[in-house]
Amino acid sequence: MIDHARELFESLIAEPYRTKVVERLRLPERAERERILREAFYSPAYVDARDVYVDFATDSGTGAMSDDQWSALMKGDEAYVRSRSFAAFEGAVREVFGLQHVIPTHQGRAAENIVMELLVKKGDVVLSNTHFDTTKAHVEHRGGLPIDVIGDTLWDFATPDPFKGNFDIARLELALEKYRGRVALVIVTVLNNLAGSSPVSMANIRDVRRAADRHGVKVMFDAARFAENAYFIKTREEGYGDKPIPEIVREMMSYGHGLWMSAKKDAIVNTGGFIATDDEAFARRCQEKLVLYEGFYTYGGLARRDLEAVAVGLREGLDEEYLRHRVGLVAYLGEAMERAGIVVSKPFGGSGIFVDVAALYPHLKPEQLPNVALFCDLYREGGVRAGAGNFTMHTVGPDGSIVDKVFQVARFAVPRRVYSRAHMEYVGGVMARVREVAAQSRGYRVTYMPDVLGHFFAKFAPLDA
Ligand SMILES: *Cc1c(COP(=O)(O)O)cnc(C)c1O
């Protein structure tokens, strides 16, 4: 019998939760927004959160925890050594990923710091579909060279390739050959956050492992959005439609030598991270570094209650109804943007919508910083914040030599379980207005830019007429 209720529930992307606690939001007046922008050096990094109505700066650690997670916090066993909370955390990570050795860290980059210190030395090459910005910075910090071996459809926003996050296997083989003996590690970033939040297919992951094996190179996952990736495999890849999400996750991870994760993404917590592996000797070395940088191996820089919240959140993040709603809400934002005439990356990804900034500001040259113009217009017109940056990738050309690709996109990252469809409609409406005023922008210049992770600290000023 047809279940009309379920059809409605799924087609409307109705929320599989209701609100128990609310947080008041404020939309500052127009003149106030002008002043705030000026005082924040025209940079998203200096605007106070209380002055932002809808905040799409990041989906990292900005999710709403569930009643079960908040209750779990209260059960936190704050023992330093082998607390109950560590056992719960370790058990959840083992169950979800099928890996035995679990090393907690205070967030994702703390895990990256340890992994890169152990695996990457000066002159090494690290290959990934796309390095996340902190990952790239950690490879470079070790004196290594991060190369993104991504396919070309990524740059073409309109190409309907369902797995734009995939490795370009030909490029990967080329790089493995060209840099033979220097490749320290292959990193599979799932889903591929900076590449339009696009997923990686199971077939591609399998091919990556095969290619890496031929060269004796280790494969690790940067697993921040592993559950969203699994959901896309289920809904977009042939042969996975009937498989449960947890099974897809374990298959994905079976092709790696381990993983690290920023739990602030798909584990829906406000802080946390970990490394997981079956390689006992590697795990021991990670634990030694952990004690040096983070804390004892059973808490790794976190309060033990935070480990409890990760344990619950990891399992909640795998819930298919939650994932359908999450991915559906992001697509809803994408459609609202398209209705406003904005060029966005398609098919829509997992954690956010990527806007083609050059298409919106065709009259501005890259050095006139159209991405800063978009951030400012967005805040001025609607009190909305998004991450607008220059993403620079090192990829490889046909002969294996390094080619730099710079692309100007704005990322509208949607926090988990936080905003409603009306918020998405609102942002779509603001973008329609941004599109009307974009031609008036004269661009911006940099007034301050440090060397390492500069976009987190940069300051700007408008260019005069
Ligand atoms: C967020 C993120 C990281 C870094 O994790 P933090 O928790 O922010 O330190 C690394 N890789 C990816 C893919 C991420 O999304």
Side-chain angles (χ1 to χ4, degrees), residues 45 56-63 93 97 103-117 119-120 126-142 146 148 150 154 164-167 185-200 205 219-230 232 252-253 256 258-276 290 293-294 300-302 306-307 309-310 313-314 317 326 330 349-352 354 387 389 391 393 409 411-416 452-453 455-456:
F56 285 158
T58 181
D59 62 321
S60 179
T62 51
V93 176
F97 297 104
I103 296 109
T105 61
H106 79 276
Q107 61 179 79
R109 73 200 64 183
E112 289 174 340
N113 183 40
I114 290 170
V115 169
M116 300 309 166
E117 183 172 332
L119 298 181
V120 182
V126 177
L127 305 174
S128 178
N129 43 349
T130 307
H131 293 77
F132 184 66
D133 57 5
T134 59
T135 322
K136 182 167 177 249
H138 273 291
V139 172
E140 286 169 346
H141 183 64
R142 297 290 306 156
D148 298 322
I150 186 85
L154 175 66
K164 282 188 180 176
N166 277 358
F167 281 76
L185 176 68
V186 174
I187 302 169
V188 184
T189 309
V190 286
L191 46 79
N192 198 339
N193 182 21
L194 291 188
S197 209
S198 315
V200 184
I205 293 171
V219 175
M220 287 191 79
F221 283 86
D222 181 348
R225 296 175 187 76
F226 73 99
E228 290 168 8
N229 200 80
F232 283 120
M252 276 164 50
M253 297 311 160
L259 61 88
W260 67 87
M261 174 171 176
S262 166
K264 298 162 73 175
K265 321 297 170 38
D266 276 359
I268 330 179
V269 290
N270 304 118
T271 196
F274 52 87
I275 302 165
L290 190 77
Y293 296 136
E294 296 273 291
L302 290 166
D306 292 326
L307 299 171
V310 173
L314 266 180
R326 162 129 186 95
V330 168
S351 281
F354 285 64
F391 295 108
M393 284 188 184
V409 293
R411 185 182 68 155
F412 290 64
V414 181
R416 292 166 183 76
V452 178
L453 293 170
H455 59 282
F456 285 138

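Both ligands and their constituent atoms are indexed starting at 1 by order of listing. Small disclaimer: the values here were computed from a predicted structure and weren't measured.
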Check: So which protein heavy atom does atom 13 (C) of ligand 1 come closest to, and at what separation?
Finding: Asp222 OD2, 3.4 Å

Checklist line | Protein residue, atom and distance nearest to atom 10 (C) of ligand 1, heavy-atom basis | finding: Glu112 OE2, 3.1 Å

Note to self: Could you check, using the six-membered ring where one of them is a Trp, whether Phe97 and Phe226 have ring centers closer than 6.0 angstrom?
What the structure shows: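 Centroid separation for Phe97 and Phe226: below 6.0 Å.
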
Note to self: Under a plain distance cut-off of 3.5 Å, with no hydrogens placed, do Glu112 and Thr135 share a side-chain donor-acceptor pair?
What the structure shows: yes

Notebook entry, point to check: Is it true that the side chains of Arg326 and Ser351 contain a donor and an acceptor less than 3.5 Å apart?
Noted result: yes

Numbering as shown, the atoms of ligand 1 that approach [X] to under 4.0 Å (heavy-atom distance):
| X | value |
| --- | --- |
| Thr189 | 13 (C) |
| Lys264 | 7 (O) |
| Arg109 | 4 (C), 5 (O), 6 (P), 8 (O), 9 (O) |
| Asn193 | 15 (O) |
| Gly108 | 5 (O), 6 (P), 7 (O), 9 (O) |

Next item on the list: State, yes or no, whether a side-chain contact exists between Phe274 and Leu259 at a heavy-atom distance under 4.5 Å.
Entry: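 Yes - at least one pair of side-chain heavy atoms lies under 4.5 Å apart.
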
Next item on the list: Run the salt-bridge test on Asp59 and Lys265 with the 4.0 Å N-O cut-off and return the result as yes or no.
Entry: no

Check: Among Asn192, Asp148, Thr189, whose side-chain hydrogen bond (donor to acceptor under 3.5 Å, both in side chains) with Thr130 holds?
Finding: Asn192

Next item on the list: Look at atom 4 (C) of ligand 1 and find which of Thr134, Asn192, Thr271 reaches it with the closest heavy atom.
Entry: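 Result: the heavy atom closest to atom 4 (C) of ligand 1 is in Thr134.
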
Next item on the list: Taking all non-hydrogen atoms of both residues into account, name the closest pair between Pro415 and Thr62 and its distance.
Entry: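 Closest pair (atom of Pro415, atom of Thr62, distance): CB-OG1, 3.4 Å.
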
Check: What do you reckon, does Lys265 have a nitrogen or oxygen under 3.5 Å from a nitrogen or oxygen of ligand 1?
Finding: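 It does: an N or O of Lys265 is found under 3.5 Å from an N or O of ligand 1.
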
